[in-house]
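Please read the structure below before turning to the comments.
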2 protein chains.
Amino acid sequence: MRALTPKGAATRQRIVEGAAKLIRDHGPANVGLDDIRAATTTSKSQIFHYFPDGKADMLLAVAAHEAELVLAEQEPYLSDLTSWAQWEAWRDRVIARYAAQRRRCPLSALTAQLGLADPAVEGIITGMYARWHRHVADGVRSVRPDADAERAATQIIGAIVGGATMLVATDDIRYLEIGLTEAIESLKNA
Amino acid sequence: MRALTPKGAATRQRIVEGAAKLIRDHGPANVGLDDIRAATTTSKSQIFHYFPDGKADMLLAVAAHEAELVLAEQEPYLSDLTSWAQWEAWRDRVIARYAAQRRRCPLSALTAQLGLADPAVEGIITGMYARWHRHVADGVRSVRPDADAERAATQIIGAIVGGATMLVATDDIRYLEIGLTEAIESLKNA
DNA sequence: GGCATTTTGGACCGCACAGTCCAATCCACG
DNA sequence: CGTGGATTGGACTGTGCGGTCCAAAATGCC
């Protein structure tokens, strides 16, 4: 891929963000290139110009964008889980975020839908979870040096993913609220 | 819908089960009517004969079938969580089951993919979760009469769903193992 | 056995949608 | 300015797939 002029880069960006939003709102299965074209005021040729391998190529960029978003949304807390107060601020931020987005959930769209077919997307997802896991495990170590940090991080992330999945499936936020709260609680009492 | 002769009922059943298996293996998005036709040695007209409203109609039957399966797999333990030994047997059964099916997961296919578009399928799913929740809450009450049974059941089911989702996404069983084990553990120490 | 109904086969239709192509325009740089 | 590459518009193509249709075979019923 040759150099991209500022204008080109902006167009590419507009496509990725527009597509990401559509996919979040309607699910990957219900979003066609024409929808993306319409929502981003671009033309077919632009999509294929910036994503030579077509839709799969673009979905890869969307996945990377969304994976970044999932972690970015949790900052600055996620990188600094060094006190119980920070842990609680993080938990509240996560819950508030998911309560707000409700079913438009980048995490669920990524994990449960985008990653299914394409191994490349799968790689992005596992990478995202690895980074997430590392942050949480670091946090565990700083408040509970004696605990099994890997195990605790696995439990906590599992609770969030379960909560997000149930939120999308049943529109009920309690699975996330209770699951995450209890996971942190059990860490405190370890 | 008029009466169905035994032969007709058998064909209908064959279609539902064949479709369910294909969907479990390849995901709803990657299964077409022709695949189902081929896998069940039926013809297009049979599918539309037994499911007049077409694919959506058939997916509804598949969803009901799979929802039944998810709960049936957990029996006889799920209906009789009256001692810690039963709880542990149930936990082991659930983990073994998911470890065996790995990514071919009826629960995830239902929750994260089938239910997205069709409100009728969504109803089946919420009904399934309601039944599941009731069983688990009953179990909690019988071993921990003092605990908040609704809250505990929510936590436990959330952990399983999270574990199943992560199993599909990353092929890692530990999210389920650890999540479910710790959720039950925290119930014991409540 | 004969009539009605259900069941089955498979050709056919139409559309949605990813992907192609080429000509028109914009822009950087000499 | 003028030239070449980047960018854009949009018509067009091919096809995969859900859905329709009708006629033939099997089955149930009296």
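Residue numbering restarts at 1 for every chain, and letters A, B, ... go by the order of the sequence lines. As the structure is a computational prediction, the values presented were derived from the model and not from experiment.
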Check: B:H133 and B:E150 side chains under 4.5 Å, non-hydrogen atoms: yes
query: Going by heavy atoms in the side chains, are B:I23 and B:Q113 under 4.5 Å from each other?
result: no
Report, one pair per line, the protein and nucleotides 14-19 of chain D atoms (nitrogen or oxygen only) whose separation is under 3.5 Å.
| unit_1 | atom_1 | unit_2 | atom_2 | d |
| --- | --- | --- | --- | --- |
| D:dG18 | OP1 | B:K55 | NZ | 2.9 |
| D:dG18 | OP2 | B:L33 | N | 2.8 |
| D:dG19 | OP2 | B:K55 | N | 2.9 |
| D:dG19 | N7 | B:K44 | NZ | 3.3 |
| D:dG19 | O6 | B:K44 | NZ | 2.7 |

field: Nucleotide D:dG9, atom P - distance to CD1 of A:I47 in whole Å
entry: 11 Å
field: Separation of C:dG9 P from B:I15 CD1 (nearest whole Å)
entry: 10 Å
field: Interatomic distance where CZ belongs to A:F51 and P belongs to C:dT20 [whole Å]
entry: 15 Å
task: Taking the side chain as every heavy atom from C-beta outward, state whether A:R91 and A:E177 have any atom pair closer than 4.5 Å.
output: no
message: Strictly below 4.0 Å, N to O, side chains only: are B:E122 and A:R103 in salt-bridge contact?
response: yes
task: Check the hydrophobic clustering (I, L, V, M, F, W, Y; side-chain heavy atoms under 4.5 Å; chains of links allowed) and say if B:V31 and B:I47 are grouped together.
output: yes
field: N/O (side chain, B:Q46) to phosphate O (OP1/OP2, C:dT7) under 4.0 Å
entry: no
statement: Among the nucleotides C:dT8, C:dT7, D:dT8, whichever has the atom closest to the side chain of B:T5 is C:dT7
query: Quick one: is C:dC27 close enough that its OP1 or OP2 comes under 4.0 Å of any side-chain N or O from A:K7?
result: yes
Below 4.0 Å: OP1/OP2 of D:dT8 and any side-chain N or O of A:T11: yes
task: Would you kindly confirm whether A:I184 and A:L81 end up in one hydrophobic cluster when ILVMFWY residues are joined by side chain heavy atoms under 4.5 Å apart?
output: yes
task: Round to a whole Å and report the spacing from CZ of A:R37 to C1' of D:dA11.
output: 12 Å
task: Would you indicate, yes or no, if D:dT8 has its OP1 or OP2 atom less than 4.0 angstrom from a side-chain nitrogen or oxygen of A:T42?
output: no
Student check: side-chain heavy atoms of A:W87 and A:I156 closer than 4.5 Å: yes
message: Does D:dA6 have its OP1 or OP2 closer than 4.0 Å to a side-chain nitrogen or oxygen of A:Y50?
response: no
Selection from D:dT27, C:dT6, D:dA6 that lies nearest to any side-chain heavy atom of B:H49: C:dT6
